[in-house]
Amino acid sequence: MKRFFKLFGTALLTASLTANVFFSAACKSAHEHEWGEWKKLDGSEHYRICEDCGEQQREKHSDGTCSACAYGFKVLAFGFDEGGDTAHSDFAREANKWFPEKGKELGFTYEFVGTDYSYLNDDALAEIDMVIFLNDRPWVDSQQQAFRRFIERGGAWLGFHSAAFSMRELGGYWDWYQDDFLACGDYAKNTWNPTSEPLFVETFDHPATKNLDDEIFISAPCEWYGWEYDLFENEDVTVLLTLNPTRENPAGDQPDKTKQHEIWYEGHYPIAWANNNYNMVYMNWGHNLQSYNDGAEGKQSSTFSSSEQNKFMLDAMYGLVLKSIKG
């Protein structure tokens with residue numbers, strides 16, 4: 001029912017906009033406008049629509065990152081696109097094509113600097129609106145502290161898949177990042193093989209989810225992680241998407257009879273979440289399906305094959321940057 005009213009309202013708004021465009025009718029009734037959000041119109045202007053009468057208002061973008069619609073925001077991305085887990089590096093290569101293409105279309109710039117974490121310094125980050133960790137994170141204390149300062153100043157962050165992977169016994173545990181910022185602690189378990197799964201929308205009251213069409217959508221294939229801490233018990237965390245496997249629809253399809261624990265038949269697993277104390281969203285996807293089992297490496301899926309998942313990412317980006325701008 002909730003989605004019905006959302007879609008019905010969207011239809012009414014579209015009809016109002018259409019009437020406004022084709023008839024150029026200014027609002028003639030006396031009322032206080034109920035303005036929607038500013039959206040990019042083109043490279044020089046943004047617009048918003050009165051949700052009551054359909055009147056359109058336009059303005060010029062402000063210089064730099066537009067303070068109204070975030071047009072022109074700057075992204076600095078880290079991760080490895082060669083070596084390491086081939087599914088992770090394949091995801092990074094794919095991301096380094098997809099994000100720039102969306103940037104040209106929507107009005108943001110995307111720079112990938114690989115694992116050169118020397119860019120995590122105060123001067124470089126002062127010129128950046130958003131940092132993305134594709135499948136890695138910094139390991140040097142000075143770079144970690146620069147990233148933390150960026151975040152604590154309100155900088156925006158997106159993280160994917162193994163950007164949250166940590167095991168204390170391997171060393172290099174980053175307490176603030178795992179326990180406070182991500183709030184998930186250590187990696188605890190995973191599914192295998194990577195599979196496409198129904199993801200459940202836990203709330204529509206977040207910029208990343210508010211424009212999703214349904215309460216459930218089908219993901220791109222991924223290896224799914226479980227975590228040390230129960231994120232549902234953390235009042236600072238808003239879980240956005242979940243994986244809810246059942247006997248009828250398990251997650252994973254491990255063929256090895258000795259590793260059947262890598263197929264999940266029950267549970268309620270956070271897949272994407274926001275920490276309300278920071279300007280961030282983490283997403284567990286970012287592991288393309290590879291043909292590991294027969295020993296031949298090869299691409300078999302795309303993380304960017306799910307339109308709803310893509311919508312989630314782009315809306316998260318703009319929502320986080322706008323929050324950063326507005327403080």
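For clarity, every value in this text was computed on a predicted model and none was experimentally measured.
A heavy-atom distance below 4.5 Å is not found between the side chains of Asp256 and Trp192. In this structure the side chain of Trp35 reaches within 4.5 angstrom of the side chain of Cys50, judged on heavy atoms. Proximity of Val281 to Phe312: side-chain heavy atoms (C-beta onward) are separated by under 4.5 Å at one or more points. Looking at heavy atoms from C-beta onward, Leu199 lies in side-chain contact with Trp285 at the 4.5 angstrom threshold. Residues Leu158 and Met130 have side chains in contact (heavy-atom distance under 4.5 Å, counting atoms from C-beta outward). Within the 4.5 Å cutoff, side-chain heavy atoms of Asn193 are placed close to those of Pro255. Contact annotation: the side chain of Leu231 never approaches that of Tyr229 to less than 4.5 Å [non-hydrogen atoms, C-beta and beyond]. Side-chain contact check for Tyr117 versus Val140: every heavy-atom pair is 4.5 Å or farther apart.
In this structure, His33 NE2 and Ile49 CD1 are separated by 11.0 Å, a value rounded to the nearest 0.5 Å. Here OH of Tyr110 is found 11.5 Å from CZ of Phe73. Values are rounded to the nearest 0.5 Å. Interatomic distance, CD of Gln145 versus CG of Leu120, reported as 11.5 Å (0.5 Å rounding). Taken to the nearest 0.5 Å, the NZ atom of Lys60 stands 10.0 Å off from the CG atom of Leu41. One distance of note links CD of Gln300 with CG of Asn288; it measures 10.5 Å at 0.5 Å rounding. For the atom pair CG (Leu240) and OG1 (Thr209), the distance works out to 6.0 Å, reported to the nearest 0.5 Å.
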query: So Glu235 and Asn276, side chain to side chain contact (heavy atoms under 4.5 Å, CB included) or not? Walk me through it.
result: CA-CA 9 Å; Glu235 62 183 13; Asn276 304 322; over 6 Å; no
- request: Report the C-alpha distance between Phe160 and Met313 in whole Å, list the side-chain angles of each, state the deciding distance to 0.1 Å, and finish with yes or no for side chain to side chain contact (heavy atoms under 4.5 Å, CB included).
  value: CA-CA 10 Å; Phe160 292 89; Met313 287 185 279; 3.5 Å; yes
task: Would you sort out whether Ile151 and Met280 count as a side chain to side chain contact (heavy atoms under 4.5 Å, CB included), showing the intermediate values?
output: CA-CA 8 Å; Ile151 291 298; Met280 59 83 79; 5.6 Å; no
Test side chain to side chain contact (heavy atoms under 4.5 Å, CB included) applied to Phe150 and Leu76, step by step: CA-CA 12 Å; Phe150 170 78; Leu76 184 63; over 6 Å; no
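Heavy-atom contacts from other residues, nucleotides or ligands closer than 6.0 Å to CG of Asp116 number more than 12. Within a 6.0 Å sphere centred on CD of Glu152, heavy atoms belonging to other residues, nucleotides or ligands number more than 12. Dense packing is recorded around NZ of Lys311, with more than 12 heavy atoms of other residues, nucleotides or ligands lying under 6.0 Å away. For OH of Tyr119, the number of neighbouring non-hydrogen atoms (other residues, nucleotides, ligands) closer than 6.0 Å is 12 at most.
In this structure, Arg58 is not positioned above the aromatic face of Tyr47 in the sense of NZ or CZ being under 6.0 Å from the six-membered ring centre and within 45° of the axis.
Of the charged side-chain nitrogens involved, none lies within less than 4.0 Å of a carboxylate oxygen, so that Lys210 and Asp315 do not count as a salt-bridged pair. Using a 4.0 Å cut-off between charged side-chain N and carboxylate O, Glu101 and Lys97 make no salt bridge.
Side-chain atoms of His287 never come within 3.5 Å of backbone atoms of Trp224 as a donor-acceptor pair (strictly under, hydrogens ignored). Listed for the Glu94 side chain is no donor-acceptor partner under 3.5 Å among the backbone atoms of Ser302. Between the side chain of Trp139 and the main chain of Arg137, a donor-acceptor pair closer than 3.5 Å is present.
Residues Phe217 and Leu314 are members of one and the same hydrophobic cluster, defined by side-chain heavy-atom contacts under 4.5 angstrom among Ile, Leu, Val, Met, Phe, Trp and Tyr. Tracing side-chain contacts under 4.5 Å through hydrophobic residues (I, L, V, M, F, W, Y), one reaches Val321 starting from Phe99; they form part of the same cluster. Residues Met317 and Tyr278 are members of separate hydrophobic clusters, defined by side-chain heavy-atom contacts under 4.5 angstrom among Ile, Leu, Val, Met, Phe, Trp and Tyr. Two different hydrophobic clusters hold Val75 and Leu125 under the rule that ILVMFWY side chains link at heavy-atom gaps under 4.5 Å. Residues Ile271 and Leu320 share a hydrophobic cluster, clusters being chains of Ile/Leu/Val/Met/Phe/Trp/Tyr side chains in contact below 4.5 Å.
Ring-centre distance between Trp174 and Phe181: not below the 6.0 Å cut-off. Here Phe78 and Phe147 keep their ring centres 6.0 angstrom or further from each other.
Ring orientation note: the planes of Phe108 and Tyr318 are nearly perpendicular, at an angle over 60° on the 30°/60° scale. In this structure, Trp38 and His46 have perpendicular ring planes: the angle between them is above 60°, well past the 30° mark.
Residue Arg48 is tested with Gln56, Glu55, Gln57 for a side-chain hydrogen bond (donor to acceptor under 3.5 Å, both in side chains); the sole match is Gln57.
Under the 3.5 Å distance criterion, with hydrogens and angles disregarded, no donor-acceptor pair is assigned to the side chains of Ser162 and Asn135. For Asn275 and Tyr282, the side-chain atoms include no donor-acceptor pair closer than 3.5 Å. Under the 3.5 Å distance criterion, with hydrogens and angles disregarded, no donor-acceptor pair is assigned to the side chains of Asp175 and Tyr173. Judged purely by distance below 3.5 Å, without hydrogens or angles, the side chains of Glu223 and His161 pair a donor atom with an acceptor atom. Side-chain contact of Lys189 with Tyr269: a donor-acceptor pair under 3.5 Å is present, judged by distance alone.
In terms of heavy-atom proximity, Cys222 sits nearest to Gly286 at SG-N, 3.8 Å. Taking every heavy atom of both residues into account, Gln254 and Lys259 meet most closely at CG-O, 3.3 Å. Residues Trp157 and Leu182 come closest through the heavy atom pair CH2-CD2, 3.8 Å. In plain terms, the two heavy atoms of Lys40 and Leu106 that are nearest each other are CD-O, 3.3 Å. Listed here is the closest heavy atom pair of Val201 and Asp214: CG2-O, 3.6 Å. Heavy-atom minimum distance, Ile263 versus Gly252: CG2-O, 3.7 Å.
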